[in-house]
Amino acid sequence: MSAIVIKNNQQIPVTSIPVLDYQDFLIFNTFLLKSEENHCVNYFGIVDNKNVKLFCCIANDANQTILVSSSIINLEKTYPSFSEQHLAFEKFEREIHENFGINYTNHPWLKPVRYSFNRQQPKNTIANYPFFKIKSEELHEVGVGPIHAGIIEPGHFRFLCNGEQILHLEIQLGYQHRGIENLFLQKKKLIERNTLAENIAGDSVIGHTTAFANLWESLSNNVVSEEIMVSRTIALELERIAVHTGDLSGICTDIAFQLGSAVFGRLRTPIINFFQEWCGNRLGKSLIRVGSNHFPLTNELKTKLIVLLDKFEPDFDEMCKNTFHTPTVLGRLEKTGIISNPLGKEIGLVGMAARMTDINRDIRSSHPYGYYPLLAHQPILKGHGDVQSRGQIRREEVKQSIHYIRKLLANVPLQQEEEKIQQKLTPNSFVLSLVEGWRGEICHCAITDAKGELIHYKIKDPSFHNWLAVAMSVRNNEISDFPICNKSFNLSYCGHDL
Amino acid sequence: MLENIKILYHQGKQYIPNLRTVEAPGVFRGRPVISKESVDNEALKECCPTQAIAVNPIQIDLGKCTFCGECAIAFPHKIKFTKDYKIATNSLDGLLVKEGEDKPITLNADLIRAEIQHYFKGSLKLRQVSAGGDGSCELELGACSNVNFDMGRYGIDFVASPRHADGIVITGPITENMAKPLQTAYEAIPEPKIVILCGVDAISGGIFVDSPAINRNILKTLKIDLYVPGNPIHPLTFINGVLDLIGRK
Ligand code: SF4
């Protein structure tokens, strides 16, 4: 057997994960990716005495399983890369190289990923990143960042332009690196770790914290009530509505469509204000807690949310109709920043960015957790892969989320007497947790040692896969279209940099 | 055209008329009040993720507090969070809330440099720099200028270039990788300039305080004009704090 077949959030003994010879490990995993129903959800290493143990996790979207295999690497030797076989492994291998110094023979370019504090080459600093260059009299370079014009997070964008046209864009990240994975090991209290999960990415508080909570509950053998599952599902869908609506405002801002910018912006407000009414925090921090729920959805809150959505929906519809029927808007959005379906598959896109180019990838339907199996979610797909598709998908996903929330609100079970949370983690175990945040799949993995102590915590934000798509989407576009291309993906810097 | 007017009409009035007195909705956690009741001090300290609670006397440091509410849930008679969002101040001492006290948090007038109110009372342009922030304070700072909060009504805006700015607003625990760019941005702002630390991460490092990936040395060299607590900050906390700093009613 080359891999163990598990389900989302299933706890397994680490020893049950087959350890393969590297060559077999490579052939097995890269062969899996030849089939469209498989994609890589995580690939990472941990120190294993003097060696490094690699874990590769491939999700099969057709039969709700995840195939986990491993291999032990000797740092003195060199190894052929997975990336040579499939581009989707490219970033993962760069990360492994950065953290452990594994020598790959045929990786396209082992560039630094985030200049993590524990990188193998401390002399390489973020200020001397090796950008791709082309020597030419006709081309010029444009450097933007790390600090950008607006109130956003830092990252550096280096364009190679032919006049106004972008020939190539390279995105350099790492400025936001806070060492968060390491802090999961450093901090021992559950509330500290729960707080860390909330601070991975401020626009995906519910997504990341749910991934953490689901994982932790599995690892510590806590079973949560149906009421908690329903609440989390409602929170996830609310987060999706809030960010998608805010993004529609952002897209309108970037094309100077003032009406859409203001109206979508203001429509986001009641949604995040509802989070404040529910849990005291507009972005939902403090709402998701392992094994418990401090903030039950009371009848009063439920009524408020129903009334809120009833008011939100017609205004949202009206603004969408106007936006997507305004010729000057369409002129800017259509055929801008295209990612074709084959390219999307090569990159290994996930989430909304995959669905906009007709790749059916959505954890809510392919690896459902919590209350999603009962919702029988059908992903919304678009085929053009342009900014317009990314706008449209938001419009329709907001509508779908409203529908789900209404459905869920109709039967939120009563809160039960909370049982005491089991704190102890199962020793020598492995759990992988997948959640579909508004941006795409969030993956958390944890491994414990013989004493039940956490020895590894791995976080993968969907942005990790998708940043390359931003760089590819702007090729041959005018540099003035970069802002909408970027905004239409709205990827996370801190989620990537960790 | 008609359709656009119709849409505008449907939005109704969205702006908040008085940002100084409006009530925060829901269970907003603002300034805490700590009673004199005696509790298990160790257990109280233990429930906090960021060591914001000190004992003898019991006090909460709002510069370290993530406003998660865990302490108030575990010890409801000891700690209560009020909806008072005016919790920004200009000294680290001012961020300490002690047991048995229930008084508003204000700015220490003696610490406000004369030139701040002289130059910036009517117009204040700020440059925001996220140095490892998780994007939440950044979202809320963005919200300060939206149609609801409309901070622009006071002449307070965020600008793109540090050279056009009168001050810097820092979010995030300040990562090693952002230390240099932050320094450069700060230096590019002409004098006199103000420095605002926004959110628990910027003020104290928050949950990241002991991470080897952060580098907070720059703060040793800066004079901080305003601390805005929160995780993330609430737009009302930021706006009220800044208005107090520049001496606006
Ligand atoms: S609300 Fe503040 S003081 Fe209380 S537990 Fe949370 S972080 Fe600590």
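What's counted below: heavy atoms across the whole structure, side chains too, no hydrogens, waters or symmetry copies. Naming: A, B, ... by sequence-line order, numbering from 1 per chain.
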Residues Asn281(A), Phe28(B); criterion side chain to side chain contact (heavy atoms under 4.5 Å, CB included); working and verdict: CA-CA 7 Å; Asn281(A) 189 297; Phe28(B) 179 71; over 6 Å; no
For Leu283(A) against Pro232(B), the heavy-atom pair lying closest together: CD1-CG, 3.9 Å
Close side-chain approach of Asn182(A) to Ser211(B), heavy-atom, < 4.5 Å: no
Nearest heavy atoms of Cys68(B) and Arg289(A), plus distance in Å: CB-NH2, 3.9 Å
Test item: Lys180(B) and Pro146(A) side chains (from C-beta on) under 4.5 Å apart, heavy atoms: no
Which portion of Glu70(B) sits near chain A, non-hydrogen atoms under 4.5 angstrom: side chain
Under 3.5 Å: donor-acceptor pair, side chain of Ser130(B), backbone of Ile152(A): no
More than 12 heavy atoms from other groups under 6.0 Å of NZ on Lys302(A): yes
From CD1 (Ile147(A)) to CG (Leu182(B)), nearest 0.5 Å: 6.5 Å
Portion of Glu153(A) that has a non-hydrogen atom of chain B nearer than 4.5 angstrom: both
Non-hydrogen atoms of Ala262(A) and Val147(B) that approach each other most closely: CB-CG1, 4.2 Å
Residue pair Glu138(B) / Ile151(A): nearest heavy atoms and the distance that separates them: O-CG2, 3.6 Å
Atom group of Glu140(B) that falls short of 4.5 Å from chain A, counting heavy atoms: side chain
Greatest number of heavy atom pairs closer than 4.5 Å to chain A - which of Leu139(B), Ile174(B), Thr50(B), Val129(B): Leu139(B)
Pick from Ser136(B), Gly230(B), Ala24(B) with the largest number of heavy-atom pairs that fall under 4.5 Å of chain A: Ser136(B)
Residue pair His177(A) / Glu176(B), side-chain donor-acceptor N/O under 3.5 Å: no
Contacting region of Arg268(A) [heavy-atom separation from chain B under 4.5 Å]: side chain
Heavy-atom contact with chain A under 4.5 Å, split by part of Ile73(B): side chain
Residues from residues 161-173 of chain B approaching chain A under 4.5 Å (heavy atoms): Pro173(B)
Asp210(B) vs Leu183(A) side-chain heavy atoms within contact, under 4.5 Å: yes
Donor on one side chain, acceptor on other, Ser286(A) and Arg29(B), under 3.5 Å: yes
Chain B contact via Phe274(A) - side chain, backbone, both or neither, heavy atoms under 4.5 Å: neither
Structural part of Lys187(A) lying under 4.5 Å from a heavy atom of chain B: side chain
Considering all heavy atoms, the nearest Val27(B)-Cys279(A) contact: CG2-C, 3.7 Å
Heavy-atom pair with the smallest gap, counting every atom of Pro49(B) and Glu192(A): O-CG, 3.6 Å
Among the listed options Cys494(A), Pro314(A), Ala149(A), Ser116(A), the residue most often paired with chain B at heavy-atom distances under 4.5 Å: Ala149(A)
Thr66(B)-Lys285(A) side chain donor-acceptor pair, cut-off 3.5 Å: no
Choice from Thr269(A), Asp203(A), Ile180(A) maximising heavy atom contacts with chain B below 4.5 Å: Thr269(A)
Part of residues 3-17 of chain B lying next to chain A, heavy-atom separation under 4.5 Å: Glu3(B), Asn4(B), Lys6(B), Ile7(B), Leu8(B), His10(B), Gln11(B), Gln14(B)
Verdict with reasoning, Asp134(B) to Arg178(A), per salt bridge (charged side-chain N to carboxylate O under 4.0 Å, His left out): CA-CA 10 Å; Asp134(B) 70 359; Arg178(A) 297 153 292 170; 5.3 Å; no
Heavy-atom check, side chain of Ile126(A) versus side chain of Met178(B), under 4.5 Å: no
Check: Asn177(B) and Phe117(A) side chains under 4.5 Å, non-hydrogen atoms: no
Proximal component of Cys137(B), with respect to chain A [non-hydrogen, under 4.5 Å]: neither
Greatest number of heavy atom pairs closer than 4.5 Å to chain A - which of Gly133(B), Gly142(B), Ser145(B): Gly133(B)
Region of Asn199(A) in contact with chain B, defined by heavy-atom distances below 4.5 Å: both
Closest-packed option against chain B by number of heavy-atom pairs under 4.5 Å, given Val263(A), Asn273(A), Leu301(A): Val263(A)
Toward chain A, the part of Ala179(B) with a non-hydrogen atom under 4.5 Å: neither
Whether over 12 other heavy atoms sit under 6.0 Å from Lys83(B) NZ: yes
